[in-house]
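Only a predicted model underlies this, so the values are computations on that prediction, with no experimental measurement involved. All chains are named by letter (A, B, ...) in the order of the sequence lines, taking the proteins before the strands, and each is independently numbered beginning at 1.
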Amino acid sequence: MDQDALAELLSDTTEPSDVGQSQQLDSPLHSYSFVTTQNAPGCTQQQRLLSSLNDHSLVNLVNSYEAPQPAKRSLLEHESDDDEQNWDSNISHLSSHQNNVNFDVIDDESPTVASPSIVATSGENSDDDQPITDAHPRVASNINFGDYGQYFSDKKVLQQDRDQYMKKLYQNALNDGKPFPPVFKDCIIYINGRTDPDRLQLHQKIILYGGQFMHFLSGKTSVTHIIASNLTAKKRVEFQKYKVVTPQWVTDSIAANKRLPWQDFALITGDDDQGKLKLTKAKPPKGEPNVEDKNSENTLDCNHPDFLRSFFAKSRLHHLSTWKADLRALFCERYLEHSNIQGITENESVAIFHIDFDCFFATVSALSDPRYRLYEDPLAVAHGNNSSEIASCNYVARSFGVKNGMWVRSARRLCPKLVCMPYNFEQYEVNSKLLYQILAETHFFDMILPVSIDEAICVKRVSTFTGFHDVQGQCEMVTQTIRQQVFDATNGCTVSIGCGPSLVSARLALKDAKPNGKRVIMNLTNETELDNFQAKFPLNDLPGVGFSIVHKIRQQLFPDASTTPTIGDLKAKSTLKSLTSILGTKTGRKIHLFLSAKDDEENSRILRNPLDFFARKSISVDINYAIRFDSIHDIDDFIDRVCEHLTSKIHDLGMVTPQVTLKIMRRCEHAPIEPAKYLGSGECDTFSKSSRFGIPTDEIGLIATEIKSSFRMLACPPKDLRGLAVQLNKLEMKATRNYQKKLPFGDAILTGDSNIPVLKPNAFHSMPRILKEDVRSEFTKRHLQIPPSPTRNLTVSVSPVKEYWDRFGKSTKDSFKQELPSTLDEDFMRNLPPELQREIKRDHAIVKKTRNSVRKGNVIKDYGTTNSPLSLRSTLEEIEQFQSLERPRDIYHLIGTWIDQTITVGPHADDLDLFDRYLDKLVLKRKTNRALQIARTMSCRLEYHAAFTSSESKGRQEWEEYLLRRMIPKLNSSCSFRTPQVQFEI
DNA sequence: CGCTGGAGCCAG
DNA sequence: CATCGCTGGCTCCAGCG
């Protein structure tokens, strides 16, 4: 590093953690395929666009969503002629690849340039990974990264090739292969120092929009623009003659779709002796608006309506989860489009490629700022400096013993010089996309299975290799090509690849390859060889084997071992029988198979039937951070917001749920009120409670009410709540015929200007979520009225039943006041009806668990009465219709059918009497939960009909009348009769 | 025996 | 200032009829 750069570095006092906090907002890259489906952070361009529209256009824009939404774009999609081959079975054989390896896909105009990957793959027995790993066989400090950089900087042609290649990749990945407008045509741009958005993002933007990028300022003459956020005094003088602009020039030009005059963004103004920054109109690079933003963000506590959004925006784990879900959804979409893809059958031999970025977050974050030296300094990605968790650390840090998930404070004890870098979620997405793009373009694999943002499993049938010879060699070649391409495309991110005949072996090979290497073991054909290869790995390298399983195995089979046993150790010491007895049938069997490098049935599902494997079965929100509530009402509001989030999602997915689960974390009795980690949950007990709807629903009112009621059942004092999760289970597709029909508020009209078109009620709610939020705020800003969500509207204005229900639900709120007895009086218990006994036992169990804070083996029993098969013995004689029914769901179904069939004429009085008697029985038997559930089912059903029948419908009115006047009061009285005895506490 | 709800585990 | 401890899927187990 030269003196100037050093001086600049030292003069820059901003903490690294400030870098890149807000840069995701402005990127043009945010709008591609999977990112948009989730809660991508707000998008200023979009907001800008919206606010530029007049009311008329805005409403029209929203209305356009009444039509079916355009299909999401795929990250695996590209538009070239051979598109179809993407997922096809082995259309392009390796032989054609050998010709293509030279990157002539990149740029046909310069085929003469030797590609580095040719060097790497040309040697037949070259086991080394040139040029990436050759000079740096193992760990970081040896890696001669500079050589590679030099390689590019010396050869401008190559540099441009690479940019062209990247441009093409980006276009494919981000813009359906179409070029972006050439905003920076004829510009040759150099970036100086640290910038916001960071260097990597600016680079991408510049080349995407037609500019040329200079990595080094050696030949200053050719550079037309220099981008910098800040300049040292010395640089200021040095750059006097250049067009030095702020990064905003780039972002604003792109937003404006044309190159804006550089003078407006000049960093050095001629008449400014003090070198004061010229702050440009929209947003200064660093300054007050940012600070304000941060402050307001920081003050968001869990009561703030935007808390969820702001928390999610910064949570690595949330990002990981949503990325994964998105990738899975995308896979299914693609899979369905290409019906010719076949799962792998049991008898087929395959080569599995397990591909994974090396310390992904750390690498990407490090590359975004030239001050971070990835291969020399110990680096980690984390938010804070003490009890902040390390999301990812580079291999230098690992050599000190630093591990992912460690708190920064403890890591610093191992490695005092550890440098913390900020997250850069947007760039992670971009680089991930590039990986998947490259994998797809390779046209080598039969399937590309997403594992996560930084990891994929690729499959190739052995039978589809060219000839049958040298499978090993072909695999090695393809791994090396991929590694090289990813390295180039991502500006220096390395992937490691493990390749083997099974999922397990590929995974272990990957472990062997890391960091920055490849390991192909397709040549280990007989069992002994494979065994020998596997023997050295520690047990926890096996998939699905974590802390707990290792612990159990150690305890039972290696009581004296001081370290984690290896696969070889376990294989020598265990039998199928011993494993299943220690770990259970399935787990034991699975591990037993793993010991011979075989995949078990469950693991193979991803190969056999990927669609089934990736299908979404549940959806949930977990928040176990910053949860601090004072009152149950605040919690109710929070639950509402969580449910809103979830229902909005399943609504977008067109799904409904028959079962919801609430899971809470409650501060352990002995745990301090505030744990070591700021706003952390500390040590907690967890409790969960699930309940079912008679008919699957996506209705927020029902779901939220149910969850709130579950929360009360769990009887957690609001102040002790430290975490809350809501899950919608057993998701199913909503029947499509519904909801297309006319809804009762179809004539909803926007107030005000009569020239403004009528807003179609469905339209707003059919918009993609990311758009919805901005449109909503835009509407609010203009005092335009947004129609309520169809489902919610029903609950509010159409169905008094619902309203009643809400009140009914709330009526239980204040009734759990008394303390539970610390021990149960046996006599007292014996004299109670069994149902009640169970209920009290359950409550007692909660208290006991809470008191003891026992972590394991303290299962709460008799939890759900809602779904235990109904004891119909006494009701059977009287109610013929229920005779054959044993399961609650059948009962709900019957009631649903009953309502459906009588919705126009109303229920028959005799039937109602019969039904009344049935309810009486339930009440008498204290099965109020069941009765409650039935009422809920009926309410739900009636609301459903309310959507399609006129409010005059006599039959429906009768039904509602019955529900309101007879059924609910009956349940209410039974409920108030019951609650004092149940003795919850709040 | 098969089913269910709750808890636990694991991965990234 | 801290700091952002998610989420989906499988398995195990006890209890029920």
message = Looking at dG8(C), I'd like to know if its phosphate oxygens (OP1 or OP2) sit under 4.0 Å from a side-chain N or O belonging to Arg616(A).
response = yes
inquiry  = Please tell me if Ser388(A) has a side-chain N or O lying less than 4.0 Å from either OP1 or OP2 of dC4(C).
reply    = yes
message = Starting the side chain at C-beta, find the nucleotide from dT7(C), dG12(B), dT3(C) nearest to Asp622(A).
response = dT7(C)
request  = Report yes or no: do Glu706(A) and Ser691(A) form a side-chain donor-acceptor pair below 3.5 Å?
outcome  = yes
ask   = Does the ring of Tyr625(A) meet both stacking tests against the six-membered base ring of dG5(C): centre distance under 5.5 Å and plane angle under 30°?
value = no
message = Which label fits Phe547(A) and His551(A): parallel for a plane angle under 30°, tilted from 30 to 60°, or perpendicular past 60°?
response = parallel
message = Restricting to ring pair (Phe, Tyr, Trp, His ring centres under 6.0 Å), what partner residues turn up for Phe613(A), sequence neighbours left out?
response = none
ask   = Do Tyr423(A) and Lys314(A) touch side chain to side chain, with heavy atoms closer than 4.5 Å?
value = no
ask   = Considering residues at least two apart in sequence or located in another chain, which fulfil the side-chain contact (heavy atoms from CB on, under 4.5 Å) criterion with Arg507(A)?
value = His354(A), Lys511(A), Pro543(A)
query = What's the NZ-C1' distance between Lys590(A) and dC12(C), to the nearest Å?
reply = 12 Å
query = Does OP1 or OP2 of dG5(C) have a side-chain N or O of Ser315(A) closer than 4.0 Å?
reply = yes
task = Check every strand shown and say whether Glu602(A) touches a base, only sugar-phosphate, or nothing at a heavy-atom separation below 4.0 Å.
result = sugar-phosphate
key: Side chain of Thr587(A) (C-beta onward), nearest among dC9(B), dG5(C), dC12(C)   = dC12(C)
query = Which listed nucleotide (dT7(C), dG12(B), dG5(C)) is nearest to the side chain of His318(A)?
reply = dT7(C)
query = Using a cut-off of less than 4.0 Å, is there contact between a side-chain N or O of Lys689(A) and OP1 or OP2 of dG6(B)?
reply = yes
task = Please state whether the phosphate of dG5(B), meaning OP1 or OP2, lies under 4.0 angstrom from any side-chain nitrogen or oxygen of Ser688(A).
result = no
remark   = Quick note, Lys677(A) side chain, CB onward, closest among dG9(C), dC10(B), dC4(C) is dC4(C)
note = Of the listed dG8(C), dG6(B), dG9(C), the closest approach to the Ile619(A) side chain comes from dG8(C)
query = Are Arg589(A) and dC12(C) close enough that a side-chain N or O sits under 4.0 Å from OP1 or OP2?
reply = no
task = Take the protein atom NZ of Lys552(A) and the nucleotide atom P of dG8(B), then report the distance between them rounded to whole Å.
result = 11 Å
message = At less than 4.0 Å, is any side-chain N or O atom of Gln659(A) found next to OP1 or OP2 of dG5(B)? Yes or no.
response = yes
task = Using only side-chain N and O atoms of Arg605(A), determine if any of them is under 4.0 Å from OP1 or OP2 of dC10(C).
result = yes
message = Classify Gln727(A) by what it touches in the nucleic acid, base, sugar-phosphate, or nothing, heavy-atom distance under 4.0 Å.
response = nothing
message = Considering every strand and a 4.0 Å limit on heavy-atom distances, what is the contact class for Gly680(A): base, sugar-phosphate, or nothing?
response = base
message = Does Arg722(A) reach a base, just sugar-phosphate, or nothing at all? Heavy atoms under 4.0 Å.
response = nothing
request  = List for me each residue that meets ring pair (Phe, Tyr, Trp, His ring centres under 6.0 Å) alongside Phe361(A), sequence neighbours excluded, and say none if there are none.
outcome  = Tyr428(A)
Secondary-structure notation, DNA chain C, from Watson-Crick and G-U pairs under 3.5 angstrom (| other strand) = .....||||||||||||
key: Value in whole Å for how far the P atom of dA11(B) lies from CG of Asn603(A)   = 11 Å
key: With Asp599(A) via side-chain hydrogen bond (donor to acceptor under 3.5 Å, both in side chains) - residues at least two apart   = none
query = Among all residues two or more places apart in sequence or in another chain, which pass the side-chain contact (heavy atoms from CB on, under 4.5 Å) test with Lys403(A)?
reply = Met406(A)
ask   = Which listed nucleotide (dG12(B), dG5(C), dG8(C)) is nearest to the side chain of Asn624(A)?
value = dG5(C)
task = Report the distance from atom CG of Leu646(A) to atom P of dT7(C), rounded to the nearest whole Å.
result = 9 Å
d(CD1, Ile591(A); P, dC10(C)) in whole Å = 17 Å
request  = Look at Lys590(A) together with Asp600(A) and state whether they make a salt bridge at an N to O cut-off of under 4.0 Å.
outcome  = no
ask   = Start at the 5' end of DNA chain C and walk down; is the nucleotide closest to Ser620(A) or to Arg316(A) reached first?
value = Arg316(A)
request  = Please check if any side-chain donor atom of Ser496(A) sits under 3.5 Å from a side-chain acceptor atom of Asp358(A), or the reverse.
outcome  = yes
query = On DNA chain C, nearest-nucleotide positions of Leu317(A) versus Asn386(A): which is more 5'?
reply = Asn386(A)
task = Would you mind classifying the nucleic acid contact of Thr661(A) as base, sugar-phosphate or nothing, using non-hydrogen atoms under 4.0 angstrom?
result = nothing
message = With a cut-off of less than 4.0 Å, is there a side-chain N or O of Ser310(A) near OP1 or OP2 of dC4(C)?
response = no
task = For Ser681(A), report the nucleic acid contact type (base, sugar-phosphate, nothing); a contact means any heavy atom under 4.0 Å.
result = base
task = Check every atom of dG6(B), dA11(B), dG5(C) against the side chain of Phe311(A) and return the nucleotide holding the closest atom.
result = dG5(C)
task = Describe the nucleic acid contact of Leu728(A) in one word from base, sugar-phosphate, nothing, applying a heavy-atom distance below 4.0 Å.
result = nothing
query = Is any N or O donor-acceptor pair between the side chain of Ser321(A) and the base of dG12(B) shorter than 3.5 Å?
reply = yes
query = Can a side chain N or O of Asn404(A) be found less than 4.0 Å away from OP1 or OP2 on dG12(B)?
reply = no
ask   = Counting any heavy atom closer than 4.0 Å, what does Ala615(A) reach on the DNA or RNA strands: base, sugar-phosphate only, or nothing?
value = sugar-phosphate
message = Just to be sure I understand the rule, does Asp454(A) reach a base, reach only the sugar-phosphate, or reach nothing, if contact means heavy atoms closer than 4.0 Å?
response = sugar-phosphate
ask   = When you measure from the side chain of Lys586(A), which nucleotide among dG6(B), dG9(C), dT11(C) comes out closest?
value = dT11(C)
note = Rounded to whole Å, CZ of Phe613(A) lies from P of dG9(C) at a distance of 9 Å
